[in-house]
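As C-alpha cells, the structure follows; a few thoughts come after it.
Residue numbers start from 1 in every chain, and the chains themselves are labelled A, B, ... in the order their sequence lines are given, proteins ahead of strands.
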Amino acid sequence: MEESSELPLDAKSEFVDFQWKLGLAVSCDGCRSLKLEGWPYRYVAVMLKVADHSGQVKTKSFEMTVPQFQNFDRRFKEIAAVIETM
Amino acid sequence: MAAGELEGSKPLNGLLNALAQDTFHGHPGITEELLRSQLYPEVPPEEFRPFLAKMRGILKSIASADMDFNQLEAFLTAQTKKQGGITSDQAAVISKFWKSHKTKIRESLMNQSRWNSGLRGLSWRVDGKSQSRHSAQIHTPVAIIELELGKYGQKSEFLCLEFDEVKVNQILKTLSEVEESISTLISQPN
C-alpha cells in the first residue's frame, strides 16, 4: 500500500489519479446528530495519486464539504477554459 | 455574591463566546482562571468552577443535538426548573447566543469529526511550457495547482501539482461524475 506522505513546498508532483467517495456522516462522538440544515452531513472524500520527481507514486487524501467540492469543480472549469485558449 | 445572581447579560455572553472558542473552535489558552478574572472577578474560584462546568455542559448538549427553536426552549425551561439549574435571565442569554452562533458552532463540530485533511485553499496558474527538443510540440500548456490541506487544529500543508490539458479534462470528467452522484443522493428519499 502506498504511503501517504508530505511533499516539500515547491516540489511539484505530477498528478496521476483521482479517486473519490461520497459519504454521509450521521452521528459522532460529541455530536449525536450531524445534520446541517436538515441534511445528514455530506462530504466528498478524495484520494489523489501523485508521482514525485523520482517517479515514486504517493497518495494524499482529503475531504471536502459539498460547497467546497462545487468550488473545486468551478476552479477546474476555469483552468480548463484558460488552457483551451492557449 | 453567587455567580447565578451576577447577571447582566454581558459576562454570560462573553463566557459563552469563550466556551465556544475553547470547546468547538479549538482556540488555545482559554483557562478557567482567565475567564473568572476577566468576566466574574467577584466570584470565588470554588464557586466559579461548577458554574463554568454547568454552562459548558448546557452548550455542549445544545450543540450536540442541534436543537431547533422548540427543542431549545423546552430544554432551557427544564434547566430553569432544575435544582441548581439556571435562571430565566441566563436561559434568555443562552438562547440568544445559540441562535446567532449555531451555524458556526455546527460547522466546527463537523470539522472536528473529520479526521482526514480538509481542503483549505486552492490556487493555480497556467504556464505555457516550452517542450524539449525531442518533442513535436513546442508549447504545451501546463496547469500548476497548489492545494492547501490541513487537519483540524493543525498547520496547513501544501501540495503542488502539475497537470497537462489531458489530465485537466480527465479530472473534469471525474468531477462531473461526483456531481451526478451528489444530485442522485439529493433526489433519493431520506
Side-chain angles (χ1 to χ4, degrees), chain A residues 4 6-22 24-25 27-48 50-51 60-66 68-86, chain B residues 23-24 60-61 63-67 103 106-107 109-120 122-128 139-147 149-151 157-165 167-172 174-179 181-182 184-186 190:
Chain A
S4 170
E6 288 174 18
L7 296 159
L9 197 58
D10 295 333
K12 280 190 233 130
S13 300
E14 197 191 309
F15 165 77
V16 174
D17 189 34
F18 179 110
Q19 286 176 31
W20 61 273
K21 171 172 74 182
L22 178 61
L24 278 179
S27 183
C28 74
D29 163 40
C31 197
R32 272 193 351 250
S33 164
L34 274 174
K35 280 188 174 179
L36 197 61
E37 287 154 27
W39 259 98
Y41 175 55
R42 297 167 301 165
Y43 60 92
V44 179
V46 172
M47 193 175 74
L48 287 178
V50 302
K60 201 75 199 165
S61 60
F62 62 93
E63 277 178 33
M64 295 182 266
T65 61
V66 167
Q68 280 180 327
F69 164 77
Q70 287 165 340
N71 186 48
F72 188 78
D73 187 25
R74 207 166 19 241
R75 308 300 284 282
F76 267 89
K77 287 183 166 121
E78 284 169 17
I79 293 169
V82 169
I83 287 186
E84 225 182 311
T85 68
M86 295 177 73
Chain B
T23 311
F24 306 112
K60 274 176 126 171
S61 293
S64 171
D66 189 22
M67 291 187 190
T103 304
R106 293 289 300 173
E107 278 173 11
L109 271 175
M110 303 304 177
N111 287 336
Q112 279 182 4
S113 75
R114 187 200 63 220
W115 302 310
N116 222 338
S117 294
L119 181 65
R120 289 181 179 166
L122 188 163
S123 48
W124 61 272
R125 69 170 198 266
V126 174
D127 286 357
H139 293 294
T140 316
V142 163
I144 314 245
I145 296 174
E146 186 186 72
L147 296 177
L149 306 176
K151 293 194 160 90
E157 49 175 321
F158 295 85
L159 185 60
C160 193
L161 302 174
E162 264 191 21
F163 299 74
D164 60 25
E165 186 169 7
K167 287 185 178 164
V168 169
N169 287 323
Q170 187 189 328
I171 293 215
L172 277 184
T174 306
L175 295 182
S176 69
E177 286 168 15
V178 181
E179 191 62 64
S181 199
I182 292 174
T184 307
L185 188 64
I186 293 175
N190 208 351

Value for CD (B:E177) from CZ (A:F18), rounded to nearest 0.5 Å, stands at 10.0 Å

Separation between OG (B:S113) and CD (A:E63), nearest 0.5 Å, reads 8.0 Å

When every non-hydrogen atom of B:L122 is compared with those of A:R75, the smallest separation belongs to O-NH2, 3.1 Å

Okay, B:D127 and chain A: the region with an atom under 4.5 Å from a heavy atom over there is backbone

One should read off an interatomic distance between B:R120 CZ and A:Q68 CD, to the nearest 0.5 angstrom, of 10.5 Å

With sequence neighbours left out, the residues meeting side chain to side chain donor-acceptor pair (under 3.5 Å) with A:Q19 are A:D17

Rounded to the nearest 0.5 angstrom, the CD-NZ distance for A:E14 and B:K167 is 3.5 Å

So CD1 of B:I171 and CD1 of A:I79: to nearest 0.5 Å the spacing works out to 8.5 Å

>> Using side-chain heavy atoms (C-beta onward) and a distance below 4.5 Å, is A:F15 in contact with B:I145?
In response: no

ask   = Quick one: are B:M110 and A:Y43 in side-chain contact, heavy atoms under 4.5 Å?
value = no

The interface call for A:L22 against chain B, heavy-atom contacts under 4.5 Å, is side chain

Which of B:N169, B:L172, B:T174 passes side-chain contact (heavy atoms from CB on, under 4.5 Å) with A:F76? Answer is B:L172

Could you tell me if the side chain of B:L147 sits less than 4.5 Å from the side chain of A:F72, heavy atoms only?
yes

- Query: Is there side-chain contact between A:N71 and B:L119, with heavy atoms separated by less than 4.5 Å?
  - Reply: no

When the 4.5 angstrom heavy-atom criterion is applied to A:K77 and chain B, the contacting part is both

Closest non-hydrogen contact found for A:M86 with B:P141 is SD-CB, 3.9 Å

(Q) Just so I know, are the side chains of A:W20 and B:L175 near enough to count as touching, which here means a heavy-atom distance under 4.5 Å? (A) no

* Does some side-chain heavy atom of B:V178 sit less than 4.5 Å from a side-chain heavy atom of A:V46? -> no

Max heavy-atom pairs within cutoff under 4.5 Å with chain A, candidates B:K151, B:R114, B:Q112, B:K60, goes to B:R114

